[in-house]
Amino acid sequence: MLRKIPTLALALFSGLLIQQTNAQTDQRIYDIIENVSADSIEANIRKLAGFGTRNTFSDTVSDTRGIGAARRWIKSEFDYLSKNCDNCLDVFYQKDFVTTADGDRIPHDAWVVNVVAVQKGTKYPNRYIIMSGDIDSRASNTMDFKTDAPGANDNASGMAGTMEAARVLSQYEFENSIVYVGLSGEEQGLFGGKGLAQYAKANNWEIIGVLNNDMIGNIEGVDGVIDNRTFRIFSESVPPNETDRERNRRRFYGGEVDGISRQLARYVHTTTETYMPEMNPMMIYRLDRFGRGGHHRPFNDLGFAGIRIMEAHENYNRQHQDIRTENGIEYGDVVAGVNFDYAKKLTAVNAINMASLAWAPPAPKNVEIGGIVEPSATLRWDKVEGEIAGYKIYWRETTEAQWQYSRFVGNVNEFTLDGIVIDNYFFGVASVGKDGHESVVVFPSGVFR
C-alpha cells in the first residue's frame with residue numbers, strides 16, 4: 001500500500017531539493033560562460049602587446065609606448081565599462097613609490113601604479129572577491145626597460161581576461177563586491193600586489209579571496225605537450241601569519257592542508273567541474289611554481305586567501321625572453337604564441353567563480369567541532385546575518401584532496417553527524433544562500449567536548 005506524503009512535508013522536501021540543486025542549475029552562470037568572448041580577449045591582448053614594452057620602469061609619458069600608455073588605456077576601458085553599467089564601477093589608480101633601495105631589480109625610483117575597478121555589492125559592500133592580472137612585462141634582462149617586451153601571454157593574457165570578466169560581470173548585480181585590477185611591478189618583486197594588499201588592509205576590506213591570473217593563454221608546452229583544457233590552481237597549505245598556538249593545534253586536530261587559500265582553491269575546482277566539466281582543473285599543493293612567485297603571495301603574506309590560476313604547460317622560450325631566433329628556435333612572448341579560445345575558457349573559470357562567491361552569503365564564523373571518543377561528530381558555528389537557506393556540512397577522508405561528502409542541515413547553528421567517527425575524517429561548514437550559491441568551506445578553528 002502506498003503511503004501518502006503530507007502536503008507540508010512534500011513542500012518542505014521540494015524546497016530542500018531546490019536549495020540543494022540551484023547552485024548547479026543557475027542559468028546565469030551558464031550565461032556568463034557563454035558571454036565571455038575570445039574576440040574581445042584577443043583584441044585586448046593585441047592592444048597591450050602593441051605598447052612595445054610594459055616594463056614597470058618604461059616610458060610613462062608617451063601615448064603609444066610604455067607602461068604609462070598601457071595603464072591609461074586600461075583605466076579608460078574600465079571607465080567605458082562603468083559608463084555602460086550606469087557607473088557601477090569605481091575606477092581609480094592605487095600607487096606606491098619605490099626606490100632602488102627597495103630591491104635589486106629596480107633600475108630607478110618610480111611609482112608602481114595599479115589600475116583598480118570596484119563593483120560594489122548591494123548587501124555586503126565591504127566584502128571583496130578580487131581578480132587580478134599583471135600590467136607589466138619584461139625582456140630577458142628585467143632591468144632593461146627599453147627593449148621590446150610585448151608580454152602577450154605573460155601577462156597580457158591575464159590582464160585581458162580580467163578586463164573581459166569586468167565587461168561580462170558588470171552587467172549583473174551582486175551581494176558582495178568584486179574588484180578587477182591590473183597590478184604593476186610583478187617582475188621586479190611583486191610590488192603592485194604588495195601595495196594593493198596593504199591598501200586593502202588599511203581600508204579594512206574583508207577579502208573573500210584573490211584570483212591571481214598570470215599566464216592563461218598558452219597551450220603548447222616547451223616539452224611539446226599541447227593541452228587546451230587543463231589548468232593549474234596553486235594554493236598554499238596554511239596562512240604564513242598563523243600563530244604558534246594554531247600551528248601546535250594541528251598536531252592534534254589536523255588541518256595541515258586546510259588553510260583558507262586551499263579552501264578557495266577547492267571552491268574553484270568544484271565550481272569549474274560543476275559548470276564547465278570539459279575543463280580539467282589541477283590542484284597544485286604549493287604556493288606557486290617551484291621557487292617562483294606571483295601576485296597572490298603579498299595577499300597571502302597578510303593573511304588573505306589567494307590563489308594563482310594559470311596554464312598547465314608553460315613554454316619557457318616565450319617567457320622573459322628578448323625577441324630573437326637562435327639555432328632555429330624562436331624566442332619571445334609574442335601574440336602568435338597565445339591561444340585566445342583557451343584564454344576565454346580560463347577567463348570564464350574566473351568569472352563564474354567570482355559570480356558564485358559574489359552571490360553567496362558570508363561564510364560561517366567560529367566553526368568548532370566536537371566528538372572525541374564518540375561515534376559521531378558535532379559541528380557548531382555562529383550564524384551569519386541576514387536571510388539564507390542554511391548551512392552545509394562537508395567531510396572527507398583524511399587522505400583525500402577534495403571534499404567527498406556533504407549534508408545540507410538547514411538554518412541551524414549546530415548539527416551532529418551520527419555514525420561519522422571524528423577520527424577518520426576532516427570536516428568543514430559552508431553557508432548556503434537562497435539561490436543555492438555557497439560560501440567557501442570553513443575548516444574548524446576550535447574544539448569542544
Where the side chain of [X] meets the backbone of [Y], is there a donor-acceptor pair that is under 3.5 Å apart?
| X | Y | answer |
| --- | --- | --- |
| Ser157 | Ile216 | yes |
| Ser237 | Val257 | no |
| Gln404 | Glu397 | yes |
| Thr270 | Tyr267 | no |
| Glu311 | Asn218 | yes |
| Arg286 | Glu236 | no |
| Asp134 | Asp136 | no |

(message) Parallel, tilted or perpendicular, judged at 30° and 60°: which one describes the rings of Phe426 and Phe443?
(response)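 Judged by the thresholds at 30° and 60°, the geometry between Phe426 and Phe443 is perpendicular.
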Could you check whether [Y] and [X], counting side-chain N and O atoms only, form a donor-acceptor pair closer than 3.5 Å?
| X | Y | value |
| --- | --- | --- |
| Arg318 | Asn153 | no |
| Asn212 | Ser132 | yes |
| His313 | Asp223 | no |
| Gln94 | Asn114 | yes |
| Arg262 | Ser235 | yes |
| Asn317 | Gln319 | no |

How many angstroms lie between [atom1] in [X] and [atom2] in [Y], if you round to the nearest 0.5 Å?
| X | Y | atom1 | atom2 | result |
| --- | --- | --- | --- | --- |
| Glu256 | Thr398 | CD | OG1 | 9.5 Å |
| Arg308 | Asp288 | CZ | CG | 4.5 Å |
| Arg266 | Thr271 | CZ | OG1 | 13.5 Å |

(request) Hey, could you give me each pair passing side chain to side chain donor-acceptor pair (under 3.5 Å) that has a residue in residues 341-352? Not counting sequence neighbours. (result)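 Side chain to side chain donor-acceptor pair (under 3.5 Å) check on residues 341-352 returns Asn213-Asn350.
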(request) Could you note down all residue pairs passing side chain to side chain donor-acceptor pair (under 3.5 Å) where residues 411-422 supplies at least one of them, sequence neighbours left out? (result)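 Sorted pair list: Thr378-Thr416.
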Just to verify, what does [X] make a side-chain hydrogen bond (donor to acceptor under 3.5 Å, both in side chains) with, not counting sequence neighbours?
| X | value |
| --- | --- |
| Trp73 | none |
| Thr162 | none |
| Asn228 | none |
| Ser40 | Glu164 |

According to side-chain contact (heavy atoms from CB on, under 4.5 Å), who are the partners of [X], at least two apart in sequence or on a separate chain?
| X | value |
| --- | --- |
| Gln27 | Tyr30, Asp31 |
| Glu278 | Arg229, Met276 |
| Pro239 | Asn241, Ile260 |

[X] to [Y] - nearest heavy-atom pair and separation:
| X | Y | result |
| --- | --- | --- |
| Met354 | Ile129 | CG-CG1, 3.9 Å |
| Cys85 | Ser170 | CB-O, 3.4 Å |
| Phe340 | Val335 | CZ-CG1, 3.7 Å |

(request) Compute both the distance and the angle, then confirm whether Arg407 meets the cation-pi test with Phe415: under 6.0 Å from the six-membered ring centre, within 45 degrees of the axis. (result)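 So Arg407 doesn't make the cation-pi contact.
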(request) Kindly write out the residues that satisfy ring-ring contact (aromatic ring centres under 6.0 Å, His included) with Tyr405, not counting sequence neighbours, or none if the list is empty. (result)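 Per chain and number, Tyr405 pairs via ring-ring contact (aromatic ring centres under 6.0 Å, His included) with Trp395.
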(message) Tyr128: which residues meet the ring-ring contact (aromatic ring centres under 6.0 Å, His included) condition with it, sequence neighbours left out?
(response)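 Testing Tyr128 for ring-ring contact (aromatic ring centres under 6.0 Å, His included), a comparison that skips the adjacent residues, returns Trp205.
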(message) If the test is side chain to side chain contact (heavy atoms under 4.5 Å, CB included), which one of Ile208, Leu211, Ile178, Val179 qualifies with Ile130?
(response)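 Of the listed residues Ile208, Leu211, Ile178, Val179, the side chain to side chain contact (heavy atoms under 4.5 Å, CB included) partner of Ile130 is Val179.
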(request) Could you check if a side-chain atom of His437 sits within less than 4.5 angstrom of a side-chain atom of Leu357, using non-hydrogen atoms only? (result)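 Side-chain contact under 4.5 Å: no.
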(message) Can you pull out every ring pair (Phe, Tyr, Trp, His ring centres under 6.0 Å) where at least one residue sits in residues 158-183? Sequence neighbours excluded, please.
(response)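 Listed once each, the pairs are Tyr172-Trp359, Phe174-Trp359.
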